[in-house]
2 protein chains.
Amino acid sequence: METIPFDVMDPACPSRVVLQRIGDKWTPLVFQSLKDGPRRFSEVRADIGGVTPKVLTQTLRTLERDGLVSRAVFAEVPVRVEYTLTPLGRSLLAPLEAVRAWAESHAATILEAREAFDAAD
Amino acid sequence: METIPFDVMDPACPSRVVLQRIGDKWTPLVFQSLKDGPRRFSEVRADIGGVTPKVLTQTLRTLERDGLVSRAVFAEVPVRVEYTLTPLGRSLLAPLEAVRAWAESHAATILEAREAFDAAD
DNA sequence: GGGGATGGTTTCCATGAGGAAACTATAGAA
DNA sequence: TTCTATAGTTTCCTCATGGAAACCATCCCC
């Protein structure tokens, strides 16, 4: 077993860029939408409340460029475009799912902590 | 077991805000720095390459407000300030660690995918 | 009273991420 | 030829994030 020559604590390390991509505003939600299989653009858009088409396209293109999502165009009428997690993308599913689950299950506690903090002088 | 009334796919749900806080630029790195125990401001700053004091303060304050980190001031000379993960914060450690480990171990693959994507017309 | 150490704060600024709204492309159906 | 549907693109704009640099507060020591 070699050690991995990547370290997120190093500002020059590419893994830090990768980490930030993972944590961007829409990526975890796209993964959540695609977790059960291929999904069309308009379906992903509907799954994720509040995302505009421009930003969704940007997000999907970036994920495609990074090899996490694949894009398939079907020459039907009207055209059908399916987005699917690649094997690499699926390997990220479990970590992201853990973070998402944590956020949902602890959101209430955090809201309470904020109120307590803001109430204190 | 009740179902959790929070859903990151709902744009009005507070859990989405929580998810985005977790995924912000410096939060995962602060967690990485604090994972083994209390740490001073200057130590955290040194651990995380490239963070400015202003931004580090902002990040730590936010984490403190959210109940994830506690701040202890010791009236020594010079003053000593220690930041520690709270139990709530420690419960987030495993999910964040999984994401960080994924980023480090797959960074090389992603860089390759990008080159391949950019090389294609 | 000057210096050094820690832990910040303050000001100012540039960049870019993201959003709103309108528009485009394709192609069959009516 | 107009309509519909999907899947975007384009333009413009705003706002927040983050960074650089300088400054501040405390307290002891010399």
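Chain letters run A, B, ... following the sequence lines, proteins first and then strands; every chain starts at 1. Note that the coordinates shown come from a computational prediction; the quantities given were computed from them, not determined experimentally.
Remark: the backbone N or O of B:Gln58 is paired with a side-chain donor or acceptor of B:Thr62 at under 3.5 angstrom. Between the side chain of B:Glu104 and the backbone N or O of A:Ser15 there is no donor-acceptor pair closer than 3.5 Å. A donor-acceptor pair under 3.5 Å is absent between the side-chain atoms of B:Asp66 and the main chain of B:Leu68, judged by distance alone. Judged by distance alone, with hydrogens and angles left aside, the side-chain atoms of B:Arg39 form no donor-acceptor pair with the main-chain N or O of B:Leu34 at under 3.5 Å.
A salt bridge is absent between A:Arg16 and A:Asp10: the closest approach of a Lys/Arg side-chain nitrogen to an acidic carboxylate oxygen does not fall below 4.0 angstrom.
Separation of atoms CG (A:Leu92) and CZ (A:Phe31) is listed at 4.5 Å; rounding is to 0.5 Å. Interatomic distance, CG of B:Leu29 versus OG1 of B:Thr59, reported as 9.5 Å (0.5 Å rounding). The distance from the CG atom of A:Leu88 to the CG atom of A:Leu93 is 11.5 Å, given to the nearest 0.5 Å.
In this structure, B:Phe74 reaches neither bases nor backbone, as no heavy-atom distance under 4.0 Å exists between it and the strands shown.
Rounded to an integer number of Å, the gap from B:Glu82 CD to C:dT6 P is 14 Å. Atom C1' of nucleotide C:dG16 and atom CZ of A:Arg21 are separated by 13 Å, given to the nearest angstrom.
For DNA chain D, the neighbouring residues in residues 25-64 of chain B, judged by any heavy atom under 4.0 Å, are B:Lys25, B:Trp26, B:Thr52, B:Lys54, B:Val55.
Note that the first and last nucleotides of DNA chain D, 5' to 3', having any atom under 4.0 angstrom from a heavy atom of chain B are D:dG18 to D:dC28.
Along DNA chain C, the nucleotide nearest to B:Val77 and the one nearest to B:Val81 differ in position, and the one closer to the 5' end is contacted by B:Val77.
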